[in-house]
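Note that ligands are numbered from 1 as they come in the structure, with each ligand's atoms numbered from 1 the same way. We number each residue from 1, following the sequence as shown.
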Amino acid sequence: MPNRTRMIAGNWKMNNDVPAAKKLAEELVAAVPTSDAVEVVVCPPTIDLACTSHKLAGSAIKLGGQNVYWEEKGAYTGETSTGMLKSVNAEYCIIGHSERRDYFHETDEDVNKKARALMAAGITPISCCGESLEVREAGKHVEFVVDQIKKDTEGLEITDPSKYVIAYEPIWAIGTGKTATADDAQEVCGAIRKTLVEIFGQETADGIRVLYGGSAKPENIAGFLEKEDVDGALVGGASLVAESFAAMVEKAAE
Ligand code: 13P
């Protein structure tokens, strides 16, 4: 039986200025239970990474970025390098979020380059995929996500499968209150796993965490976690309230 440590990751998106980030980080340290059964990550905006890192120091909560650029340094105004993420002890970084794909035109090729840069730097990518409502209604969601996975992982060498994470986030379920059912999540996460087996072989595929994201909250997390190929959640709105995020971690630790 595959033995994957569950993961609950919070994506703060563009919320919390520095004072608010410090306050939330303090509350999280106090509220989030520590358990070997679940890895906990928070991904604040870039401006908050340093202060959040400082507040999380000594706790079991790990830090992640929300974006990265693949060049090491230079004239790339507004971008953040892997070295900069490492300098604040970020161990994870979200890439390919649907908001970045939609609003900032991030492509699968970009996502692949970002994954390569992160992995070369020893930072774990949390690589997002997911279909729009239109694709889902056309019944093409599995095909669409499998294609994203193939492109996003192209040529990657995964030596430690615990250091590459995928998040399946159906776009129509993000921030809408419309949650995919646990069966919807399993259908796509199962197809992702099968694709990973084809690409990387069974052993590696068995070690890669596949998270669900999209209106995940304390009330529905348990249903997702029961599913064979769902290994945790990437949480937006509910990660901004320490109590709800902690409750989700608690459920994942059960
Ligand atoms: P919500 O949990 O707010 O729907 O956001 C999900 C998400 O996009 C996490 O990356």
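- Polar contact check, Glu169 against ligand 1: a nitrogen or oxygen pair lies under 3.5 Å apart.
- Heavy atoms of other residues, nucleotides or ligands lying less than 6.0 angstrom from CG of Leu133 number more than 12.
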Give the table of side-chain donor-acceptor pairs shorter than 3.5 Å for residues 217-224, with sequence neighbours excluded, one pair per line with atom names and distance.
from, atom 1, to, atom 2, distance (Å)
Asn220, OD1, Lys217, N, 2.8
Asn220, ND2, Ser215, O, 3.0

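- For atom 1 (P) of ligand 1, the choice among Ser215, Gly130, Cys128 with the nearest heavy atom turns out to be Ser215.
- Residue Gly214 has at least one heavy-atom neighbour below 4.0 Å for each of these atoms of ligand 1: 4 (O), 6 (C).
- More than 12 heavy atoms of other residues, nucleotides or ligands lie within 6.0 Å of NZ in Lys113, so this atom counts as buried by the packing criterion.
- Checked by distance only, ligand 1 and Gly213 stay at 3.5 Å or farther apart across all their nitrogen or oxygen atoms.
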Next on the checklist: One pair to check against salt bridge (Lys or Arg N to Asp or Glu O under 4.0 Å): Arg100 and Asp110. What are the steps and the verdict?
Outcome noted: CA-CA 11 Å; Arg100 294 215 57 84; Asp110 296 337; over 6 Å; no
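- Using a 4.0 Å cut-off between charged nitrogen and carboxylate oxygen, Asp231 and Arg6 do not count as a salt-bridge pair.
- Residue Ala238 places no heavy atom under 4.0 Å from ligand 1.
- The one candidate from Leu211, Leu234, Ile95 that meets the side chain to side chain contact (heavy atoms under 4.5 Å, CB included) condition with Cys128 is Leu234.
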Checklist entry - Under the side-chain contact (heavy atoms from CB on, under 4.5 Å) criterion, do Ile192 and Asp229 qualify, and how do the steps go? => result CA-CA 9 Å; Ile192 292 173; Asp229 290 298; over 6 Å; no
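- Ligand-side atoms of ligand 1 in range of Gly236: 1 (P), 2 (O), 3 (O), 5 (O), 6 (C), 9 (C), range being under 4.0 angstrom from any heavy atom.
- Annotation for ligand 1: atoms under 4.0 Å from non-hydrogen atoms of Ala173 are 4 (O).
- Under the 4.5 Å side-chain contact rule for hydrophobic residues, Ile166 and Val41 do not share a cluster.
- In terms of protein heavy atoms, atom 3 (O) of ligand 1 is closest to Gly237 N, 2.8 Å.
- Distances below 4.0 Å separate heavy atoms of Leu234 from the following atoms of ligand 1: 9 (C), 10 (O).
- An N or O contact shorter than 3.5 Å is missing between Glu99 and ligand 1 by distance.
- Closest to atom 5 (O) of ligand 1 among all protein heavy atoms lies Lys13 NZ, 3.2 Å.
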